[in-house]
Amino acid sequence: MAKVLVFIDNPGTALKKSSLELLTLARTLGESVVALNGELHSDVSSTFAEYGVSTILRPSAQDLDDYLVAPKAAYLAAAAENTGATTVLLDNSPEGKEIAARLGIRLNAGVITDVVAVEADGTAHKSVLAGSYNTACKANTPVSVLTVKANNVVPEPAAAPGTPETVTVEVPAGSTAAAARITAREQKVASGRPDLTDARIVVAGGRGVDGDFGPVEELADALGAAVGASRAATDAGWISHDAQVGQTGKTVSPQLYISAGISGAIQQKAGMQTAKVIVAVNKDAESPVFEIADFGIVGDLFDVLPQATAEIKKRKG
Amino acid sequence: MKIIVLVKHVPDAQFDRHLTGERYTTDRDESILSELDEYALEAALQLAEARGGSKAGNQVIALSMGPAGAVNAVKKSLQMGATEGVHLTDEALAGSDAAATSLALAAAVQRLGQDGPVDLIITGMASTDGETSLVPAQLAERLGLPQVTFASSLDVDGGRLVARRDADTTSETVEAPLPAVVSVTDQINEPRYPNFKGIIAAKRKSITTLSLADIGVDAAQVGHSGSWTTVANAEERPPRTAGTIITDEGDAGIKLVDFLAAQKLL
Ligand SMILES: Cc1cc2nc3c(=O)[nH]c(=O)nc-3n(C[C@H](O)[C@H](O)[C@H](O)COP(=O)(O)OP(=O)(O)OC[C@H]3O[C@@H](n4cnc5c(N)ncnc54)[C@H](O)[C@@H]3O)c2cc1C
């Protein structure tokens with residue numbers, strides 16, 4: 001059976017949902033082998049077993065986290081060569097894509113990013129040109145490297161759990177030589193709200209909030225939603241840059257996107273127009289966001305949002 | 001310092017963009033210099049200016065790979081202040097994927113390094129057409145260089161660069177020896193507009209045209225034949241259409257909740 005290598009980077013004490021999705025997808029393509037970086041906690045180890053992983057590979061070097069991607073790509077290339085894997089799956093984070101990029105060159109393998117589904121023959125589906133085309137792509141090389149977007153697979157344990165064996169992979173000597181070194185790392189404070197990229201509902205604010213994200217945050221909390229923002233709002237410093245949705249921010253594809261005080265410039269639409277349902281609240285009836293909204297309200301967000309929040313709380317009791 | 005900036009000629013996102021032909025390549029009519037590459041160019045110009053500019057021997061070379069029209073991306077870069085322009089163009093390059101593109105660009109960079117070593121290669125964070133962000137890292141891997149991607153600040157001190165990158169949960173400071181490949185985000189600076197002086201000065205600057213033969217790359221290594229991925233099918237998604245639009249008469253918040261309830265989104 002074809003071997004599918006899944007890269008899992010520093011899972012800590014529990015695997016993320018996106019990692020479980022990769023493991024579920026891997027099983028549909030062949031025998032799953034995990035290339036782990038970082039500690040192997042016992043709970044994580046049993047999850048690997050539940051998800052039918054046959055082998056857990058671990059790097060010979062402990063310092064991969066001190067460098068940007070290059071040594072991780074070297075480790076993964078060695079892991080792919082040792083196991084004879086024909087598909088490598090990584091998450092679609094900026095780092096996942098960069099590792100995939102370097103790995104592709106090392107393995108002479110085609111790389112496909114932003115994948116939302118993979119067929120048994122390796123055909124990968126993704127959307128391009130800011131969501132305006134759905135495409136089917138394929139690597140025409142012996143090995144293919146795919147970075148998979150979160151939220152497109154339902155995580156499911158294997159019918160029969162495995163008993164994975166653990167094997168150490170020699171990280172090629174000298175693979176840190178041409179790598180950038182991380183000299184400082186600051187942890188950011190977590191908001192406690194759902195993660196923007198995989199939230200089911202996103203409430204986003206733009207320049208129209210005029211420095212006050214309160215109404216946006218309150219509506220988000222009533223809906224259990226993540227908070228997003230336009231670039232104008234993040235550039236103004238009203239909210240962290242991590243909240244930016246769009247071409248140079250995050251791409252979101254939620255069930256519901258509520259846009260408040262955002263004009264709907266092309267670069268903003270690029271990040272949200274694949275949302276299932278779009279609601280827009282904007283004072284200006286001419287705003288381009290109304291061209292794509294399923295439900296548009298021409299009105300002041302400082303009136304509409306608090307009223308909606310109060311009504312939701314009332315109905316939810 | 002000798003800095004190469006990669007500038008791409010991409011379809012203007014303000015208009016509808018299309019894939020054409022049997023192999024679904026991007027239609028490049030109505031193309032412009034990628035906005036994201038303007039940040040790369042600005043970063044290079046600032047580094048050069050901080051070191052005395054072109055008078056002190058600092059070079060900022062704008063390199064674009066693409067069909068005839070791509071020379072416009074080079075011209076705009078010269079108007080913004082790049083000292084030289086290079087246009088890598090060859091029929092055989094059409095349809096190159098990231099792997100083939102990085103192969104050709106790596107060869108072009110090596111060629112430009114023949115008359116003096118290159119210190120830095122700066123790119124935008126992604127092209128606004130392909131949007132994969134693969135090329136900077138692949139170029140670094142092919143050239144055996146360190147890469148710093150998604151830099152939101154960049155400084156060079158002696159033979160080393162120091163950059164900052166922001167991820168969701170962390171913010172990092174990274175250091176690498178030169179030469180290196182750096183891709184920058186739109187957070188790094190505010191790109192300048194070409195001014196009248198720049199536009200006039202650009203007319204006197206030279207643009208070198210390179211073919212595959214000039215960089216020693218075989219046609220079979222690039223284009224569709226040299227690409228490692230193929231697009232088997234592409235379907236245009238129907239554009240979104242506007243739904244119901246109401247004007248707030250004091251109860252729009254309630255109507256919004258009614259709408260969400262009807263859509264089973266509460
Ligand atoms: C290279 C590049 C990359 C970019 N990347 C991104 C990106 O990733 N994401 C992004 O968002 N943008 C991006 N932009 C910026 C984008 O072009 C727009 O400038 C930005 O999205 C505008 O944000 P905005 O809609 O909040 O502000 P504005 O365009 O100023 O719109 C504010 C809107 O709020 C409305 N409003 C004001 N007050 C109220 C009120 N009280 N109630 C209701 N409505 C109100 C106004 O009618 C207006 O429509 C990028 C630009 C470039 C050049």
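All values below come from the heavy atoms of this structure, side chains included, with hydrogens, waters and symmetry mates left out. Proteins get letters first, then strands, A, B, ... in listed order; numbering begins at 1 in each. As the structure is a prediction and not an experimental result, all values here were calculated from the model.
Donor-acceptor pairing under 3.5 Å is lacking for the side chains of A/E186 and B/S171.
With salt bridges taken as basic N to acidic carboxylate O contacts below 4.0 Å, one links B/R165 and A/E98. A/R181 has no carboxylate O lying under 4.0 Å from a charged side-chain N of B/E175, or vice versa, which leaves the two without a salt bridge.
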Step-by-step side-chain contact (heavy atoms from CB on, under 4.5 Å) determination, B/N233 to A/T135: CA-CA 5 Å; B/N233 188 35; A/T135 64; over 6 Å; no
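Considering only heavy-atom pairs separated by less than 4.5 Å from chain A, the leading option among B/K255, B/E35, B/M125, B/Q147 is B/Q147. Between chain A and the options B/L266, B/D251, B/I254, heavy-atom pairs under 4.5 Å are most frequent for B/I254. Contact count against chain B (heavy-atom pairs under 4.5 Å) is highest for A/V277 among A/V281, A/V277, A/D114.
For A/I182, the parts lying near chain B are the backbone and the side chain together; criterion is any non-hydrogen pair under 4.5 Å. Proximity to chain A is limited to the side chain of B/L36, based on heavy atoms less than 4.5 angstrom apart. Heavy-atom distances place the backbone of B/T241, and not its side chain, under 4.5 Å from chain A. Neither the backbone nor the side chain of B/L161 comes within less than 4.5 Å of any heavy atom in chain A. Contact of B/D97 with chain A is not made at all, since no heavy-atom distance falls under 4.5 Å. Residue A/N108 touches chain B through both its backbone and its side chain, counting heavy-atom pairs closer than 4.5 Å. Proximity to chain A is absent for every atom of B/A98, based on heavy atoms less than 4.5 angstrom apart. Heavy-atom distances place both the backbone and the side chain of B/A140 under 4.5 Å from chain A. With a 4.5 Å cut-off on non-hydrogen atoms, B/L145 touches chain A through its backbone but not through its side chain. Of the two parts of B/R164, only the side chain, counted from C-beta on, holds a non-hydrogen atom closer than 4.5 Å to a non-hydrogen atom of chain A. For B/S152, no part lies near chain A; criterion is any non-hydrogen pair under 4.5 Å.
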Side-chain donor-acceptor distances from residues 310-317 of chain A under 3.5 Å, at least two apart:
{"unit_1": "A/E311", "atom_1": "OE1", "unit_2": "A/K314", "atom_2": "NZ", "d": "3.4"}
{"unit_1": "A/E311", "atom_1": "OE2", "unit_2": "A/R315", "atom_2": "NE", "d": "2.8"}
{"unit_1": "A/E311", "atom_1": "OE2", "unit_2": "A/R315", "atom_2": "NH2", "d": "3.1"}
{"unit_1": "A/R315", "atom_1": "NH1", "unit_2": "B/D258", "atom_2": "OD1", "d": "3.2"}
{"unit_1": "A/R315", "atom_1": "NH2", "unit_2": "B/D258", "atom_2": "OD1", "d": "2.5"}
{"unit_1": "A/K316", "atom_1": "NZ", "unit_2": "A/A222", "atom_2": "O", "d": "3.0"}

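Contact check for A/V111 versus B/Q138: side-chain heavy atoms found under the 4.5 Å cut-off.
Looking only at distances, no side-chain donor or acceptor of B/R240 sits under 3.5 Å from a matching main-chain atom of A/E291.
Of all heavy-atom pairs between A/A109 and B/W228, the closest is O-CE3, 3.3 Å.
Taken from CD1 in A/I112 to OG1 in B/T229, the straight-line distance is 6.0 Å, to the nearest 0.5 Å.
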